[in-house]
Amino acid sequence: MTDTKNRPDITLLAHRDKRAQSGYPWIYSNEIQMNPHAKALPAGSLVLFRDPTGRPIAQGFFNPHNLIAGRILSRNVARVINQEFLAERISQALDIRRKLGMEQYARIVHAEADRLPGLIIDRHGDVVVIECNAAGMSLLENQLVAAVRQVLNPKIIVIRNDSPARSLEGLGDERRVVFGQLDGPVEIIENGVTYLADPLNGQKTGWFYDHRANCARITSLSQGARVLDYYAHTGGFALAAAKAGA
């Protein structure tokens with residue numbers, strides 16, 4: 001998408017624009033003038049959001065079929081949404097993880113928290129998994145894959161679009177490798193322990209990075225103890241306990 005001049009307009013209702021104006025990333029369908037023009041737009045359309053007076057306030061994705069009808073991408077209404085834009089946002093998210101020491105094995109992009117609505121990017125070393133849970137982000141897949149290659153330079157990119165959230169956007173499920181060749185599970189290194197994760201056929205994107213701190217805590221609690229892990233799954237907590245010599 002390179003042209004911002006011909007972008008469709010979506011106007012917010014009077015007295016229903018406060019959240020969008022104050023920085024909230026979503027716009028609900030009951031906050032929008034759902035006229036025939038708006039209802040006819042394809043799911044995931046890039047639109048210009050306007051306040052009740054007609055003043056442009058943001059641009060983003062629009063889906064007339066979802067309660068979360070609007071997802072704000074940028075408050076700069078003139079910004080072109082393309083590979084360069086996506087690469088810039090991914091780079092900014094990567095910088096944050098780098099400062100936290102979580103660059104190679106981490107959730108690099110966490111949707112609205114990183115100002116890329118509906119997008120998950122997990123990095124498993126040289127393997128990157130992309131999950132698009134918004135129709136608009138799915139429509140940008142080609143630019144997104146190019147931006148991921150530009151910023152993260154992975155050997156393999158997997159599209160893992162099978163989250164239940166996709167059904168709310170009118171999207172189907174799909175799993176595929178779009179770059180490189182995946183021969184099976186890949187190694188994940190977390191807290192000094194090596195695990196195996198399956199980005200294509202495992203649960204969700206292959207690994208739960210949100211348990212990093214919890215697994216480290218289990219290691220400290222397991223010193224000199226006998227530990228039984230009833231719900232081992234991929235072994236995150238069990239191997240963390242084993243690291244302590246339990």
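Remember, predicted model here, so these are calculated numbers, not experimental data.
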What is the distance from atom [atom1] of [X] to atom [atom2] of [Y], rounded to the nearest 0.5 Å?
| X | Y | atom1 | atom2 | result |
| --- | --- | --- | --- | --- |
| S138 | N161 | OG | CG | 5.0 Å |
| I108 | D95 | CD1 | CG | 10.5 Å |
| L182 | I157 | CG | CD1 | 12.0 Å |
| K18 | E31 | NZ | CD | 12.0 Å |
| K243 | C215 | NZ | SG | 10.5 Å |
| K155 | D126 | NZ | CG | 4.5 Å |

The salt bridge (Lys or Arg N to Asp or Glu O under 4.0 Å) partners of R176 (sequence neighbours excluded) come to E141, E174

Salt bridge (Lys or Arg N to Asp or Glu O under 4.0 Å) filter on D198, not counting sequence neighbours, yields none

Counting distance only, does the side-chain N/O of [X] pair as donor-acceptor with the main-chain N or O of [Y] below 3.5 Å?
| X | Y | result |
| --- | --- | --- |
| R16 | N30 | yes |
| N191 | V193 | no |
| T219 | A240 | yes |

Residue pairs meeting salt bridge (Lys or Arg N to Asp or Glu O under 4.0 Å), one or both in residues 101-110, sequence neighbours left out, come to R98-E103, R107-D122

Salt bridge flag under 4.0 Å for residues R160 and D162:
yes

- Query: L48 and R50: side chain to side chain contact (heavy atoms under 4.5 Å, CB included), yes or no, with the steps?
  - Reply: CA-CA 6 Å; L48 187 65; R50 295 182 179 273; 3.5 Å; yes

Residues passing the ring pair (Phe, Tyr, Trp, His ring centres under 6.0 Å) test with H37, sequence neighbours excluded, are none

What are the two closest heavy atoms between [X] and [Y], and how far apart are they?
| X | Y | value |
| --- | --- | --- |
| R75 | A20 | NH1-O, 2.5 Å |
| R71 | N66 | NH2-ND2, 4.2 Å |
| P199 | G184 | CD-O, 4.5 Å |
| A238 | D229 | N-OD2, 3.1 Å |
| E169 | A135 | OE1-N, 2.8 Å |
| C132 | M137 | SG-CG, 3.9 Å |

query = Do V186 and I156 pass the side chain to side chain contact (heavy atoms under 4.5 Å, CB included) test, and can you show the C-alpha distance, the side-chain angles, and the key distance before you say yes or no?
reply = CA-CA 11 Å; V186 299; I156 300 167; 5.7 Å; no

Note, [X] side chain near [Y] side chain (heavy atom, < 4.5 Å):
| X | Y | result |
| --- | --- | --- |
| I121 | L116 | no |
| I68 | N63 | no |
| F237 | N214 | yes |
| W26 | E112 | yes |
| Q203 | F208 | yes |
| I81 | L140 | yes |
| I130 | V109 | no |

- Task: State whether a side-chain donor-acceptor pair under 3.5 Å links S74 with N76.
- Result: no

Discussion item. Testing the 3.5 Å rule here: is there a donor-acceptor pair between the side chains of Q83 and R149?
Written reply: no

Criterion side chain to side chain contact (heavy atoms under 4.5 Å, CB included) on L168 and N133, from CA distance to verdict: CA-CA 9 Å; L168 300 175; N133 292 324; over 6 Å; no

For I32, the hydrophobic cluster (side chain heavy atoms closer than 4.5 Å, chained through members) also holds I10, L12, I27, M34, L41, V47, F49, I57, F62, I72

For I96, the hydrophobic cluster (side chain heavy atoms closer than 4.5 Å, chained through members) also holds L100, M102

- Linking I/L/V/M/F/W/Y whenever any side-chain heavy atoms sit under 4.5 Å apart, do L73 and I90 land together? yes

**Asked** Can V151 be reached from V127 by stepping across I, L, V, M, F, W or Y side chains whose heavy atoms are under 4.5 Å apart?
**Response** no

Tell me whether R217 at atom CZ has more than 12 heavy atoms from other residues, nucleotides or ligands lying less than 6.0 Å away.
no

Step through the shown structure and confirm whether more than 12 heavy atoms of other residues, nucleotides or ligands are within 6.0 Å of CD on E187. no

With H124 as partner, the option from Y209, Y195, Y105, W207 fulfilling side chain to side chain donor-acceptor pair (under 3.5 Å) is Y209

Please walk me through it: do R123 and R97 pass side chain to side chain contact (heavy atoms under 4.5 Å, CB included)?
CA-CA 11 Å; R123 187 183 204 179; R97 276 66 177 180; over 6 Å; no

